[in-house]
Every structure is written in structure tokens, then in C-alpha cells.
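Each ligand, and each atom within it, is numbered from 1 in the order the structure gives. The figures that follow rest on heavy atoms only: side chains count, while hydrogens, waters and symmetry mates do not.
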Amino acid sequence: MQTPHKEHLYKLLVIGDLGVGKTSIIKRYVHQNFSSHYRATIGVDFALKVLHWDPETVVRLQLWDIAGQERFGNMTRVYYREAMGAFIVFDVTRPATFEAVAKWKNDLDSKLTLPNGKPVSVVLLANKCDQGKDVLMNNGLKMDQFCKEHGFVGWFETSAKENINIDEASRCLVKHILANE
Ligand code: GDP
Ligand code: MG
């Protein structure tokens with residue numbers, strides 16, 4: 001068996017308004033479970049996900065979860081520092097959380113750029129798509145346009161509850177990060 005010869009460690013941020021499902025998405029992705037009773041974490045949590053990207057490449061994702069601070073709608077530079085990518089999450093059942101997306105993106109871009117000066121790759125997650133209250137998503141074109149205008153590399157309807165599209169969204173983000181290096 002050949003041993004992998006490329007190893008990457010990426011810090012990824014998961015940001016967005018309170019209650020949109022950031023912690024749930026990380027739990028689902030890393031621990032394959034879901035609970036409807038998460039306590040709001042205090043401070044910053046980390047979770048590690050290891051991807052065997054291809055036969056020669058291992059990608060380690062260090063996912064940074066925030067808790068508490070998201071109610072202020074912005075984060076400190078220290079938190080953003082050296083991140084290589086991010087997910088910005090909103091809740092499809094709560095339009096106000098979508099309205100906050102551009103604000104999160106601006107906060108990120110104003111405090112963080114890659115060593116090469118480019119903005120970091122960000123994927124937009126329309127979470128809780130299992131709820132059937134999809135007020136925003138029935139217009140894929142509009143979302144594509146929104147992503148283009150705001151500099152997202154892609155968007156996915158996700159459900160942490162039903163495990164929909166989380167792996168796909170992560171692969172999309174990692175693909176863009178690898179392409180940027
Ligand atoms: P955070 O504040 O962004 O970290 O949000 P949480 O992960 O704590 O989730 C807030 C609430 O939404 C919790 O009650 C979760 O169980 C629920 N939740 C999170 N993701 C989903 C989802 O995909 N579908 C549904 N139906 N509920 C979800
Ligand atoms: Mg949380």
C-alpha cells in the first residue's frame with residue numbers, strides 16, 4: 001500500500017447567526033449524529049475531520065465553532081486568523097438569518113485574507129431544508145446570482161438533521177481551497 005505523500009491542515013470557520021445550526025452541522029459532519037438539545041457552547045470549540053481526498057492526499061479540517069459571540073454579528077481578527085475557508089450558515093425558515101449573511105461575509109473579508117492576498121473561499125449553507133418551509137430557496141437562479149455578487153464559491157441546501165449535502169458542501173469548499181494553493 002502506498003502511503004499518502006500530501007498532507008494539508010486547514011482551519012475552517014463556521015459562522016452565521018445564532019440558532020441557524022452551526023454546531024449541529026459540525027456534529028453531523030464530524031461525529032455523525034444530531035440532537036435537538038444542544039446547549040449553546042461558550043467560547044470556541046474545535047472539531048477535526050480527516051478526509052482521504054485522493055490516494056495521495058490527506059486533508060485535515062479543523063472546524064471552528066463559535067458560541068455566544070455570534071449574537072454580536074461579528075468576530076475578532078484573532079478568531080479569523082489563518083483560516084483557509086469558511087461556511088456561512090443561515091436558516092431557511094428564518095429570513096432574518098439570510099439577511100445577516102452579507103454582513104457575515106463582509107466581516108470575514110474585512111478581517112481575513114489569504115497569504116496571497118486573495119479572499120478566502122466561502123460556501124453558503126441554507127440549513128434546515130428538511131423543514132419544508134423553504135421561503136428563499138425556490139429560486140435557484142437568485143441564489144446563484146447572490147453568491148456571484150457576494151463572492152461565495154457555491155451554495156448548498158443542507159440539513160444537519162437529515163444529513164443532506166454536508167459532505168458535498170465540504171468537498172466543494174476543500175476543492176476550492178486546494179485550487180487556490
Ligand atoms: P447554532 O447556534 O448555529 O450553533 O445552532 P444549533 O446547532 O445549536 O441549532 C439550533 C437549533 O436548530 C437546535 O435545536 C437544532 O437541533 C436545530 N437544527 C439544527 N440544524 C437543523 C436542521 O438541519 N434541521 C432541523 N429541523 N433543525 C436543525
Ligand atoms: Mg452553536
Side-chain angles (χ1 to χ4, degrees), residues 10-49 51 61-81 83-109 111-112 120-140 142-143 146-147 150 152-174:
Y10 296 138
K11 171 180 173 179
L12 300 184
L13 309 169
V14 185
I15 55 184
D17 278 2
L18 193 67
V20 294
K22 301 180 296 297
T23 302
S24 301
I25 286 168
I26 294 171
K27 292 247 149 92
R28 167 61 77 191
Y29 187 51
V30 175
H31 308 293
Q32 288 85 40
N33 62 28
F34 177 83
S35 152
S36 44
H37 305 289
Y38 291 134
R39 283 176 303 152
T41 345
I42 307 292
V44 178
D45 260 347
F46 308 91
L48 190 73
K49 174 85 175 178
L51 296 180
L61 302 176
Q62 190 184 59
L63 294 148
W64 286 48
D65 190 14
I66 52 171
Q69 308 96 309
E70 70 260 58
R71 61 174 59 91
F72 304 111
N74 61 69
M75 299 296 296
T76 63
R77 280 173 207 279
V78 174
Y79 168 76
Y80 288 133
R81 191 163 59 203
M84 291 298 286
F87 298 102
I88 295 183
V89 188
F90 71 98
D91 174 346
V92 294
T93 70
R94 288 191 293 141
T97 66
F98 177 69
E99 279 148 33
V101 163
K103 184 197 62 184
W104 281 107
K105 182 70 165 64
N106 290 338
D107 188 57
L108 179 68
D109 287 338
K111 292 175 184 162
L112 176 71
V120 298
S121 301
V122 188
V123 167
L124 180 60
L125 304 183
N127 193 42
K128 308 195 189 181
C129 71
D130 59 277
Q131 289 287 73
K133 281 193 211 152
D134 210 329
V135 287
L136 309 153
M137 293 304 109
N138 38 24
N139 195 338
K142 224 161 125 187
M143 284 302 288
F146 179 87
C147 285
H150 290 86
F152 290 91
V153 300
W155 70 280
F156 291 83
E157 285 182 280
T158 58
S159 168
K161 190 177 180 191
E162 307 289 338
N163 195 18
I164 298 168
N165 269 344
I166 295 172
D167 291 277
E168 288 80 359
S170 176
R171 276 203 298 273
C172 171
L173 184 57
V174 170

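The shortest N or O to N or O distance between Ala160 and ligand 1 is under 3.5 Å. At least one N/O-N/O distance between Asp130 and ligand 1 falls below 3.5 Å. When only interatomic distances are considered, the shortest N/O to N/O separation between Gly19 and ligand 1 falls below 3.5 Å. Ligand 1 has a nitrogen or oxygen under 3.5 angstrom from a nitrogen or oxygen of Lys22.
In this structure, Glu70 has a heavy atom closer than 4.0 Å to ligand 1.
Side-chain N or O atoms of Asn165 include one that pairs as donor or acceptor with a backbone N or O of Glu157 at under 3.5 Å. In terms of modelled atom types and a separation under 3.5 Å, the side chain of Arg71 and the main chain of Leu18 share no donor-acceptor contact.
Taking CG of Leu124 as the reference point, atom CZ of Phe152 lies at 4.5 Å (rounded to 0.5 Å). To the nearest 0.5 Å, atom CD1 of residue Ile88 and atom NE2 of residue His150 are 10.0 Å apart. For the atom pair Met84 CE and Leu112 CG, the distance stands at 9.5 Å (nearest 0.5 Å). The CZ atom of Phe46 sits 4.0 Å away from atom CH2 of Trp64, with the distance rounded to the nearest 0.5 Å.
Only the side chain of Asn127 comes within 4.0 Å of ligand 1, counting heavy atoms alone; its backbone N, CA, C and O stay farther away.
Between the choices Gly132, Ser24, Cys129, the shortest heavy-atom distance to atom 7 (O) of ligand 1 belongs to Ser24.
Contact annotation: Thr23 places an N, O or S atom under 2.8 Å from the Mg ion (ligand 2).
Between Phe87 and Tyr29, the ring centre distance reaches or exceeds 6.0 Å.
Near Thr23, the atoms of ligand 1 lying under 4.0 angstrom from a non-hydrogen atom of the residue are 4 (O), 7 (O). Set against the non-hydrogen atoms of Gln131, the atoms of ligand 1 under 4.0 Å away are 26 (N).
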